[in-house]
Amino acid sequence: MNRRDFLQITGISGLGLMIACNVSDSEGTPVKVSDGIGDDQVLNNYVYIDPDGTVTIVAPRPEMGQGVFQSVPMLVAEELEVDIDKIFIIPIQADSNKFGKQGVGGSATIRKSFNPYRKVGAAAKMMLVQAAATMWACSVDDCFAESGKVHNKTTKETKHYGELVIEANKLAVPKKVILKDSKDFKVIGKSTVRQDVSQKVDGSAVFGIDIEVDGMLYASIQRNPYTIGKVISYNKDEIEAQEDVHSTYIIQIEEFNLIRGGVAIVTKDYSAALRARRGLRVVWEEPSIKYSDDSIGELLEGKFKEEPTFDKVLTPQPKKLQNATQTLTADYDAPYQAHATMEPLNATVWVKPNGTVEAWVPTQNPNRTHDVIASVTGLDKDKITLNIPFLGCGLGRKSLADFTNEATQLSIATQKPIKLIWTREDDMTADFYRPRSKNRFTAHFTADKKLVGYTNEMAAQVISKQGDVEPKFPKWTFEGSNLDYEFPNYHLKGYHTKLPIPVMWWRAVYASTNGFATEGFVDEVAEYMGQDPLSFRLKYIKNERVKKVIQMIREKSEWDTPAEHEYKGFALVESFESICAEVATVVKEGAGIKIKKYTVVLDCGQTVNPDTIHAQVDGSVIMGLTATIKPGVSFKDGKPVHKNFNTYSMLRFNEVPEIELTLMQNSEKPGGVGEPALPPVAAALANALYKATGKRYRNLPIDITKITV
Amino acid sequence: MQEISLNVNGKLYKVQADPTDPLLWVIRDKVGLKGTKFGCGIAVCGACTVLLDGNPIRSCSYPVSGFTDASKIQTIEGLSPDKSHPLQMAWEVEQVPQCGYCQSGQLMVASSLLSKNPKPSDEQIDAAMSGNICRCGTYPRIKKAIKSVVDKS
């Protein structure tokens, strides 16, 4: 196959029908298709067509349960005009030249690459149609593509794609590509069976932790219990004297300007590594201040007395503020959370003596992981094959390449393939946590309770500004705070906080804590003003799509007609370009309460695989509820207290409320699906509990077992 | 290291292992069956569930020395040769797995429940399944899948 330059043109053609396009990566940069596989079956890097017409479509992004193994090929298949239940889907390695950005996270795959992946399919289809037209000596307008075949309108002949692919490969990639109208979708927006599910019911699906390489050694690392800091010394000779131990090393990584060291034990047998760790005695670098929950809380609260790092009034109307005579103020607090991916962190890396690398990493970010291996080995990326097995959850944690870095260093040191597995305790105590967040809200009213000012002060660590860097508080740290509310004098103050606790993106990131704080306080404001929470939102949001979501949930949740002893709480959060409203219904049970139901209404624009969206909403509500009513990660004397699921509890099968989702149907630009249903969960519950108890719950977690009605 | 004999899915395996090695890692790394997963190592998550003489056990917390070839161990690979167990079929119909990592353990517990109690009540299903964690939140679909098998039987 010749070099193909994919679409670089922008600009609408004179016909007005063609859609200007680039095939671009998720950042909008045009992607060049590289020299190709050299195989006549390959139409582009995404589509393989066998001579018998069998179509294989590549899944270019890691699969962590969010369904992209299926949904991205659906986009290609739609425009390629092939039947979704007849194609094969295959996973692929990291290769930014061929596939652009391959990262997953931020609920971004569909919403940022909806059109680019469609264009891949559309361009391939155009080439196949042109090939048929050439072979029939007719015009492309005499042809149409359907179900893996090109049809000749006049002669009624057909050629399946297998008969056309060699001819099509000779063609230049079209500069302009027509995408289908949404009303013509055959695949997009319809639930289809995920091809990876079948492997997940019989144990055959291969996760990172399952990888085996001949001759590999196992590694287990004891990391600094203070979450960051170096190794000073350890009882190396004693450990290495053990028969089962191959070697030991000090391993250090740096992420977000934080250094974390550990002692790695390498063995031929995994259980031997765990046994050897019990005999490890390490002297650790310790932090100058050893924080605990209380001192962290004091530090955060003390920030509100300092100058804010970010200070902006979104809607300055100073005259209105002059009429303020009353204020309502409240503090909200949400704890650190661990990711607790069901598959703990692991990486298998083989730095080979011939100057190449083969790696298998369950990573959310193949590009970053590829770069890190290159950087640690000093090799070019084209010498590094990075395979991406299935991920047993990602949740944000597997976006970092710290664990890949560790395994790469060990493979270099041992000159062997290394399989590094983190224990659950490692995974939970050496996490990069969801940051704890404190909010102080102040609402200003006139004597007759008109809202004339609203201030949101937020103190938290900033993920991109950890370690010894200049403090900054980017505006996006307020994500999920519903900045679209048209409050007069909507004032944001952000306080960058420095703490020696590593933090990073957790599902829904800051929207998970901001959604709780904002929607809890807005409920208080609505109540103060004597307004129904839903009607209050309708007053202060002009966006028609949001209004429709609110009207829908009023109906679906039977908001106006709770049954006896039933209490309903509402929350709405716009995040990741989607709109999600939730009503939590709690009921009196005995002396206490039970969480009966979550009614969810989600507008995520054009859907791709609705079944996946239902699953993601179940997952978001359950994870959000876990973070609302179960312990967060506590710190004591500089160390995380929670080490495993015995104390860091997960919501269990018998604790799940009914979850009912209504998906708004429209063809708007796709919004995020993986995260938006998590931010409203906590506030919806807190607001329901207020109705049940008359008490405001402003600090998470809420221990529902202690609530009496 | 000593030679350990294990009866897994009706087949006899002789492997070299330390007597204290957890059964989980011997099944995964020595017998070579990767379907049984590691989740916590302290028997609270259920990802490592296998059946011992038909009863669910947490293989992460059983030293392999406790087993002889008389102990019949069944792993997810032994549930059926071809995904034909009614639960596996229901799991596919309902599209139960998201990431799928916990599902081997879930299926083993569910299969044990139904083989002992083909018509469990909702409460009995809850009680049996509440020992298995799913971080992705597939519980509602697991319940639906189990109930669909119960209803058909």
Side-chain angles (χ1 to χ4, degrees), chain A residues 63-67 191 193-194 196-207 209-210 212 218 244 269-272 274-275 339-344 390-395 421 423-425 611-612 615-616 618-623 626 644-646 650-656 658-659, chain B residues 1 16-18 20-22 25-26 28-30 32-42 44-45 47 75-77 79-80 82-83 85 87-89 91-92 95-104 107 123 125-143:
Chain A
E63 173 59 56
M64 53 183 182
Q66 86 286 44
S191 294
V193 168
R194 286 172 47 194
D196 56 310
V197 161
S198 190
Q199 300 174 52
K200 292 170 177 176
V201 306
D202 69 349
S204 64
V206 177
F207 294 86
I209 203 173
D210 301 327
E212 274 211 2
Y218 290 90
D244 292 339
D269 177 284
Y270 181 56
S271 298
L274 298 180
R275 277 200 303 278
H339 294 80
T341 57
M342 215 55 218
E343 175 202 25
F390 290 122
L391 281 68
C393 299
L395 304 175
I421 303 175
T423 65
R424 177 58 59 194
E425 290 81 5
D611 188 74
T612 290
Q616 289 296 293
D618 280 350
S620 298
V621 169
I622 289 168
M623 186 161 169
T626 303
N644 208 317
F645 294 122
N646 52 343
M650 298 284 106
L651 209 72
R652 296 285 179 155
F653 192 94
N654 61 343
E655 297 175 294
V656 178
E658 185 192 340
I659 302 169
Chain B
M1 284 284 182
Q16 290 290 318
D18 188 283
T20 64
D21 284 354
W25 293 105
V26 176
R28 285 179 57 83
D29 294 344
K30 305 287 168 72
L33 296 171
K34 301 287 189 186
T36 308
K37 303 301 188 196
F38 168 76
C40 70
I42 59 168
V44 297
C45 81
T75 69
I76 185 70
E77 290 88 349
L79 201 55
S80 79
D82 53 1
K83 306 181 221 263
H85 190 285
L87 285 168
Q88 290 174 311
M89 289 169 62
W91 248 240
E92 289 206 59
Q95 298 278 281
V96 170
Q98 288 184 31
C99 85
Y101 189 78
C102 76
Q103 299 294 329
S104 298
L107 279 159
E123 289 73 24
I125 295 174
D126 281 0
M129 300 306 297
S130 292
N132 284 63
I133 294 175
C134 174
R135 188 56 158 155
C136 294
T138 66
Y139 304 127
R141 290 196 184 191
I142 291 175
K143 189 160 195 169

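Naming: A, B, ... by sequence-line order, numbering from 1 per chain. In this text, all values refer to a predicted model and were calculated from it rather than measured experimentally.
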Problem - Side chain, backbone, both or neither of A:Glu425 within contact of chain B (heavy atoms, under 4.5 Å) - result: side chain
Completion exercise
On a heavy-atom basis, the closest approach of A:Gly392 and B:Tyr101 is CA-CB, 3.7 Å
Problem - B:Ser130 side chain to A:Asn654 backbone, donor-acceptor under 3.5 Å - result: yes
Completion exercise
The interface call for A:Ala205 against chain B, heavy-atom contacts under 4.5 Å, is backbone
Exercise for the section: Without swapping roles, check the side chain of A:Arg424 against the backbone of B:Gly39 for a donor-acceptor pair under 3.5 Å. Expected result: yes
Handout entry: Verdict with supporting geometry, A:Phe653 and B:Asn132, side-chain contact (heavy atoms from CB on, under 4.5 Å)
Key = CA-CA 8 Å; A:Phe653 192 94; B:Asn132 284 63; over 6 Å; no
Exercise for the section: Examine distances only and state if a side-chain atom of A:Arg652 and a backbone atom of B:Cys134 form a donor-acceptor pair shorter than 3.5 Å. Expected result: no
Handout entry: B:Gln16 and A:Asp269, any side-chain heavy atoms less than 4.5 Å apart
Key = no
Completion exercise
Under 4.5 Å to a heavy atom of chain A? For B:Pro97 that would be both
Practice task
Examine whether an atom of A:Gln66 lies under 4.5 Å from a heavy atom of chain B, and if so say whether it belongs to the side chain, the backbone or both; otherwise answer neither.
Solution key: neither
Completion exercise
In short, B:Gln98 meets A:Asp196 closest at the heavy-atom pair O-OD2, 4.3 Å
Fill in the blank from the handout: Looking only at B:Gly131, B:Gly32, B:Ser80, the option with the highest number of non-hydrogen pairs under 4.5 Å against chain A is B:Gly131
Exercise for the section: Could you look at B:Met1 and say if it's the side chain, the backbone, both or neither that has a heavy atom under 4.5 Å from chain A? Expected result: side chain
Exercise for the section: Tell me, out of B:Asp18, B:Ile133, B:Asp21, who's got the most heavy-atom pairs with chain A below 4.5 Å. Expected result: B:Ile133
Handout entry: Closest contact, heavy atoms only, B:Cys102 versus A:Met342
Key = CB-CG, 4.2 Å
Completion exercise
Whatever's closer than 4.5 Å to a heavy atom in chain B on A:Met650 counts as side chain
Problem - Whether A:Asn644 side chain and B:Cys40 backbone form a donor-acceptor pair below 3.5 Å - result: yes
Problem - Sidechain-backbone polar pair: B:Tyr139 side chain, A:Glu655 backbone, donor-acceptor under 3.5 Å - result: no
Practice task
Just give me the residue among A:Arg275, A:Met64, A:Glu658 that pairs up with chain B most often, heavy atom to heavy atom, under 4.5 Å.
Solution key: A:Arg275
Exercise for the section: Under 4.5 Å, counting heavy-atom pairs only, tell me which of A:Thr341, A:Leu391, A:Asp611, A:Leu395 racks up the most with chain B. Expected result: A:Asp611
Fill in the blank from the handout: If one checks every heavy atom of A:Phe645 against chain B at 4.5 Å, the contacting part turns out to be both
Exercise for the section: Give, as side chain, backbone, both or neither, the part of B:Lys143 having an atom under 4.5 angstrom from any heavy atom of chain A. Expected result: both
Exercise for the section: Please check if the side chain of B:Arg135 supplies one atom and the backbone of A:Glu343 the other of a donor-acceptor pair under 3.5 Å. Expected result: no
Fill in the blank from the handout: Heavy-atom closest pair (B:Gln103 atom, A:Lys200 atom, distance to 0.1 Å) is CB-O, 3.6 Å
Exercise for the section: Specify the closest pair of heavy atoms between A:Ile622 and B:Gly137, including all atoms of both residues, with the distance to one decimal. Expected result: CD1-O, 3.5 Å
Practice task
Tell me, for B:Leu33 versus chain A, whether the close heavy atoms (under 4.5 Å) come from the side chain, the backbone, both or neither.
Solution key: neither
Problem - Portion of A:Ile209 that has a non-hydrogen atom of chain B nearer than 4.5 angstrom - result: both
Practice task
Pick one of side chain, backbone, both or neither for A:Asp244, based on which atoms fall under 4.5 Å of a heavy atom in chain B.
Solution key: neither
Completion exercise
If one checks every heavy atom of B:Asp82 against chain A at 4.5 Å, the contacting part turns out to be neither
Handout entry: Under the side-chain hydrogen bond (donor to acceptor under 3.5 Å, both in side chains) test, residues paired with B:Ser104 that sit two or more places apart
Key = none
Problem - CD-SG distance between A:Gln616 and B:Cys136, expressed to the nearest 0.5 angstrom - result: 7.5 Å
Exercise for the section: Kindly give the heavy-atom pair with the smallest separation between B:Arg141 and A:Ala615, and that separation in Å. Expected result: NH2-N, 3.5 Å
Handout entry: Contacting region of A:Val206 [heavy-atom separation from chain B under 4.5 Å]
Key = neither
Handout entry: Heavy-atom proximity to chain B below 4.5 Å, by part of A:Ser191
Key = neither
Exercise for the section: Would you mind telling me which of B:Lys83, B:Glu92, B:Glu77 makes a side chain to side chain contact (heavy atoms under 4.5 Å, CB included) with A:Asp202? Expected result: B:Lys83
Exercise for the section: Using non-hydrogen atoms and a 4.5 Å limit, figure out which bit of B:Thr20 sits close to chain A: side chain, backbone, both or neither. Expected result: side chain
Problem - Contacts of type ring pair (Phe, Tyr, Trp, His ring centres under 6.0 Å), residue A:Tyr270, not counting sequence neighbours - result: A:Tyr218, B:Trp25
Fill in the blank from the handout: Assert top hit (heavy-atom pairs under 4.5 Å, partner chain A, pool B:Met89, B:Glu123, B:Gln88, B:Lys30) equals B:Gln88
Handout entry: Side-chain heavy-atom pair B:Asp29, A:Glu212 within 4.5 angstrom cut-off
Key = yes
Handout entry: Side chain proximity check, A:Asn646 to B:Ile42, heavy atoms < 4.5 angstrom
Key = yes
Fill in the blank from the handout: So, the part of B:Leu107 with a heavy atom under 4.5 Å from chain A: the answer is side chain
